[in-house]
Protein chains: 2
Amino acid sequence: MSSTLIELCYGSAYPSIMAKELLHPDIDQIDLSAVLDALSDPTRREIVAHLTEVGEDSCGSMNPFSSKTNLTYHLARLREAGVTRTRIDGARRLISVRAGDIEQRFPGLLPAVLTAVRAKEPS
Amino acid sequence: MSSTLIELCYGSAYPSIMAKELLHPDIDQIDLSAVLDALSDPTRREIVAHLTEVGEDSCGSMNPFSSKTNLTYHLARLREAGVTRTRIDGARRLISVRAGDIEQRFPGLLPAVLTAVRAKEPS
DNA sequence: CCTATTGTTCAATAAATGTTGAACTCTTGG
DNA sequence: CCAAGAGTTCAACATTTATTGAACAATAGG
């Protein structure tokens, strides 16, 4: 795992690379431990469930789930694990779940987790 | 989570309770975070995969997976999460996966994880 | 150009995690 | 009863976590 947050976010500590493109693992590099770890946190699961429902959402819209700073952390965790994709849209970041990729890599896993989340917390 | 290992193992720090009955959550108390957390560790996943294959096994037979001491820790983790059941058989402990219970509580979850484990490490 | 908005970075902190070796307890077979 | 085998407990440790507030950077709109 990267040591600094900037490396975790951009895959490099180079300032020149900032705000260009965020680091996403490609399908083959998605690691089961990382995914399960990402999904083992209740806040992150709620984020994933929410994103699954709405398709795509900005960081700011998800403030109810956690504080702004902490959200950055959790979203980085999800993205770095390969669970979500973050695309830059002006000043905002739009997040979505990489449902197809995760399904391709670990069939049945995400649906099972989402079923469990919905069972506990009805939408 | 319990503070001391003895509490984690027996649900109480009372020495008189030792070696009598190990603490297992019942189905309704099995927590998704705890299960995902238990399964997020590669060593524990291998243990679960192995147990799924052989049905039931003793602590000592699983030494290849980790050191004796560490095995106690990981097995306590799995048992406390509700993933495995440990029954005492004389001087030995026989461990098995609570596949039915987990399936009832979180349908599809364990099969998906096991499929992923097998895909990575062919038996 | 200013400023509000959006989100990130940094440093700090408290707690949990995985791992180890030495000492211990319990059970069983001789 | 005693020694060997099975597994646990304990204390210690280096890492990783989740969380916070203050300061920062980038963009969009007036």
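As the structure is a computational prediction, the values presented were derived from the model and not from experiment. In the text below, chain A, chain B and the rest are named by the order of the sequence lines, each starting its count at 1. Worth knowing before you read on, the calculation uses all heavy atoms, side chains too, and leaves out hydrogens, waters and symmetry mates.
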J.: Would you please confirm or rule out a distance under 4.0 Å between OP1 or OP2 of D/dT20 and any side-chain N or O of A/Thr69?
T.: no
J.: Between C1' on D/dT8 and CZ on B/Arg77, what's the gap in Å once rounded to a whole number?
T.: 17 Å
J.: On DNA chain D, compare the nucleotides closest to B/Leu75 and A/Ser40; which residue's is nearer the 5' end?
T.: B/Leu75
J.: From the set D/dG7, C/dT20, C/dT19, return the single nucleotide nearest to any side-chain atom of B/Cys59.
T.: D/dG7
J.: Counting side-chain heavy atoms from CB outward, which of C/dG18, C/dT19, D/dA18 is closest to B/His74?
T.: C/dT19
J.: If you check every side-chain atom of B/Ala91, which of D/dT9, D/dG5, C/dG18 has the closest atom?
T.: D/dG5
J.: What is the distance, to the nearest angstrom, from the CG atom on A/Leu71 to the C1' atom on D/dA18?
T.: 13 Å
J.: Rounding to an integer number of Å, can you tell me how far B/Leu22 CG sits from D/dA6 C1'?
T.: 14 Å
J.: Report the residues that fulfil side chain to side chain contact (heavy atoms under 4.5 Å, CB included) with B/Arg92, sequence neighbours left out, ordered by chain and then residue number.
T.: B/Ser58, B/Asp89, B/Leu94
J.: Can you tell me the distance, in whole Å, between the NZ atom of B/Lys68 and the C1' atom of C/dT25?
T.: 12 Å
J.: Round to a whole Å and report the spacing from OH of A/Tyr73 to P of D/dT20.
T.: 12 Å
J.: Just checking B/Ser58: base, sugar-phosphate only, or nothing, at a heavy-atom cut-off of under 4.0 Å?
T.: sugar-phosphate
J.: Charged N to carboxylate O below 4.0 Å: is that the case for B/Glu103 and B/Arg98?
T.: no
J.: Taking 4.0 angstrom as the limit, do A/Asp37 and A/Arg77 come out as a salt bridge?
T.: yes
J.: When you match A/Asp37 and B/Arg92 each to their closest nucleotide on DNA chain D, which lands nearer the 5' end?
T.: B/Arg92
J.: If we only count heavy atoms from C-beta on, is the B/Thr86 to B/Leu75 side-chain gap below 4.5 Å?
T.: no
J.: Output all residues satisfying side chain to side chain contact (heavy atoms under 4.5 Å, CB included) with B/Asn63, sequence neighbours left out; order by chain, then residue number.
T.: B/Lys68, B/Leu71
J.: Taking salt bridge (charged side-chain N to carboxylate O under 4.0 Å, His left out) as the definition, give me every residue that meets it alongside A/Arg44, ordered by chain and number, with sequence neighbours left out.
T.: none
J.: Provide, to the nearest angstrom, the distance between the CG atom belonging to B/Asp89 and the P atom belonging to D/dG5.
T.: 18 Å
J.: So, is A/Thr72 close to the C/dT8 phosphate, meaning a side-chain N or O under 4.0 Å from OP1 or OP2?
T.: yes
J.: Check this one for me: any side-chain N or O of B/Asn70 less than 4.0 Å away from OP1 or OP2 of C/dG18?
T.: no
J.: Please report the distance, rounded to the nearest Å, between CG in A/Leu36 and C1' in D/dT16.
T.: 17 Å
J.: By ring pair (Phe, Tyr, Trp, His ring centres under 6.0 Å), which residues pair with A/His50, not counting sequence neighbours?
T.: A/Phe65
J.: With sequence neighbours excluded, what pairs up with A/Asp28 under the side chain to side chain contact (heavy atoms under 4.5 Å, CB included) test?
T.: A/Asp26
J.: Rounded off to whole Å, could you give me the CD1-to-P distance for the A/Ile47 and C/dG7 pair?
T.: 13 Å
J.: For nucleotides 1-3 of chain C, give me every protein contact, N/O to N/O, under 3.5 Å, one pair per line with atom names.
T.:
none

J.: May I ask you to evaluate whether A/Arg93 reaches the phosphate of D/dA26, defined as a side-chain N or O under 4.0 Å from OP1 or OP2?
T.: no
